[in-house]
Amino acid sequence: MRARGLTKRFGALVAVDHVDLSVPAGTVYGFLGPNGSGKSTTIRMLCGLLTPSEGDIDVLGLRIPEQAEDLRRRIGYMTQRFSLFDDLSVRENLEFLAAVQDIPRAAARQRIDALVEQYHFQDRQKQLAGTMSGGQKQRLALAGAVIQQPELLFLDEPTSAVDPESRRDFWEKLFDLADAGTTLLVSTHYMDEAERCHRLAILDQGVLVADGGPAELTAALQGRTLAVMARQPRQAQRLLAGLPGVLSVAQIGNTLRVLLAHPGEGEERIRQALRGDGQGAEVTQVAANLEDVFVSATRGREDASASVPAP
Ligand SMILES: Nc1ncnc2c1ncn2[C@@H]1O[C@H](COP(=O)(O)OP(=O)(O)O)[C@@H](O)[C@H]1O
Ligand SMILES: [Mg+2]
């Protein structure tokens with residue numbers, strides 16, 4: 001899947017702003033970004049549901065949106081909302097999905113039997129979907145999304161309404177699909193889910209601010225993340241947040257996590273400031289995580305736009 005200069009405007013709002021993307025076959029590709037950053041809009045354009053204002057899209061060798069009709073049979077799409085009928089049973093939901101996709105009856109029965117087993121619904125086939133837990137519903141929605149054995153699966157915040165354990169189970173299923181050769185594009189605002197992806201793209205206000213493998217993205221921040229153990233963390237946080245070269249200071253338990261604008265720069269200044277404040281603090285370099293990547297990518301932009309004089 002490849003997109004070049006992908007842009008979507010809604011009136012004056014630029015929801016997706018010249019995004020370049022390349023998703024290799026067989027990968028679990030993550031889309032990370034806060035609410036309103038353009039994840040859903042991008043996904044809708046990639047699967048041919050929404051016409052871009054600008055840009056080129058190539059998915060499974062098809063030009064989108066022109067050839068969206070041919071694409072439809074080869075992809076699955078699952079959204080953050082439950083796309084199930086509450087008053088149909090588990091099996092009836094799957095039968096309905098097979099019917100609207102014109103899967104012949106015998107083939108559908110076989111496929112549904114297999115899915116019921118793979119997704120652990122053997123004892124719940126007759127249960128009404130509306131009476132199941134959030135995690136079970138999401139598992140059923142996933143079974144429904146793969147009924148046609150799609151080559152490519154779009155998942156738009158699929159786990160935003162389920163508990164942590166169900167999220168883990170759900171991701172196991174996603175990796176099973178990836179192992180079987182399916183390409184997955186998953187949007188999320190959970191950092192732990194982003195860590196699991198083979199590659200990811202970070203969106204902020206419609207702009208792609210970073211992309212790469214999780215390890216590659218965090219390695220690029222080497223020397224920029226510090227842990228500070230201070231006697232009075234709140235006071236130390238206020239002190240450090242104002243220092244030049246400090247992008248952000250977050251309190252995590254009793255530790256402060258400091259993100260520097262440049263590797264190494266500012267570390268000595270931080271020590272001095274803490275000493276001057278009588279904090280007797282311990283400052284150590286720590287490995288960056290994806291949250292640091294996210295803050296770095298977005299704060300950097302805020303600073304850049306703040307320095308542009310108002311018209
Ligand atoms: N159909 C629409 N009409 C007008 N604005 C929209 C429409 N769809 C999305 N937007 C706006 O585009 C921006 C990106 O939205 P969206 O892609 O849903 O973000 P995300 O999925 O990352 O939360 C938001 O500001 C949203 O309000
Ligand atoms: Mg969304």
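Whatever order the structure lists them in is the order used to number ligands and atoms, beginning at 1.
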Is the number of heavy atoms from other residues, nucleotides or ligands under 6.0 Å of Glu165 CD greater than 12?
-> no

Within 4.0 Å of some non-hydrogen atom of Asn35, the atoms of ligand 1 are 23 (O)

If you take all heavy atoms of Asn93 and Ala129, which pair is closest and at what distance?
-> ND2-CB, 3.4 Å

Is the CZ atom of Arg74 crowded by more than 12 outside heavy atoms at less than 6.0 Å?
-> yes

Heteroatom proximity flag, Ser40 to ligand 1, N/O under 3.5 Å = yes

Give a yes/no on ligand 1: does Ser37 have at least one heavy atom closer than 4.0 angstrom to it?
-> yes

Which pair of non-hydrogen atoms, one from His198 and one from Pro214, has the smallest distance, and what is that distance?
-> O-CD, 3.4 Å

Part of Leu13 within contact of ligand 1 (heavy atoms, under 4.0 Å) | side chain

Side chains of Gln251 and Thr255: donor-acceptor distance under 3.5 Å anywhere?
-> no

Run the contact test for Ser187 against ligand 1 with a 4.0 Å cut-off on heavy atoms, strictly below, and give the result.
-> no

Shared ILVMFWY cluster between Leu200 and Val209, side chains joined below 4.5 angstrom?
-> yes

Indicate whether atom 27 (O) of ligand 1 is within a distance of less than 4.0 angstrom of some protein heavy atom.
-> no

Could an N or O of ligand 1 be found under 3.5 Å from any N or O of Lys39, whether backbone or side chain?
-> yes

Are any of the N/O atoms in Gly38 less than 3.5 Å from those in ligand 1?
-> yes

What protein heavy atom sits nearest atom 17 (O) of ligand 1, and how far off is it?
-> Thr41 OG1, 2.5 Å

Quick check: are there more than 12 heavy atoms from other residues, nucleotides or ligands sitting under 6.0 Å from CG of Asn254?
-> no

Give the residue and atom name of whichever protein heavy atom lies nearest to atom 1 (N) of ligand 1, and the separation in Å to one decimal.
-> Phe10 CE2, 3.5 Å

Pro34 heavy atoms, cut-off 4.0 Å: which ligand 1 atoms fall inside?
-> 22 (O)

Exceeds 12 heavy-atom contacts within 6.0 angstrom, atom CD of Gln101 = yes

Just by distance, with hydrogens left out, do Arg269 and Gln272 show a side-chain donor and acceptor under 3.5 Å apart?
-> no

Can you check whether Gly36 has an N/O within less than 3.5 Å of an N/O in ligand 1?
-> yes

Distance-only side-chain donor-acceptor flag, Asp292 / Thr225, under 3.5 Å = no

Shell check on the Mg ion (ligand 2): protein N, O or S atoms less than 2.8 Å away are Ser40 OG

Name the closest protein heavy atom to atom 12 (O) of ligand 1, giving the residue it belongs to and the distance to 0.1 Å.
-> Ala15 CB, 3.3 Å

Distance-only polar pair, side chains of Asp169 and Ser166, donor-acceptor under 3.5 Å = no

Give a yes or no on this: more than 12 heavy atoms of other residues, nucleotides or ligands lie within 6.0 Å of atom CE of Met191.
-> yes

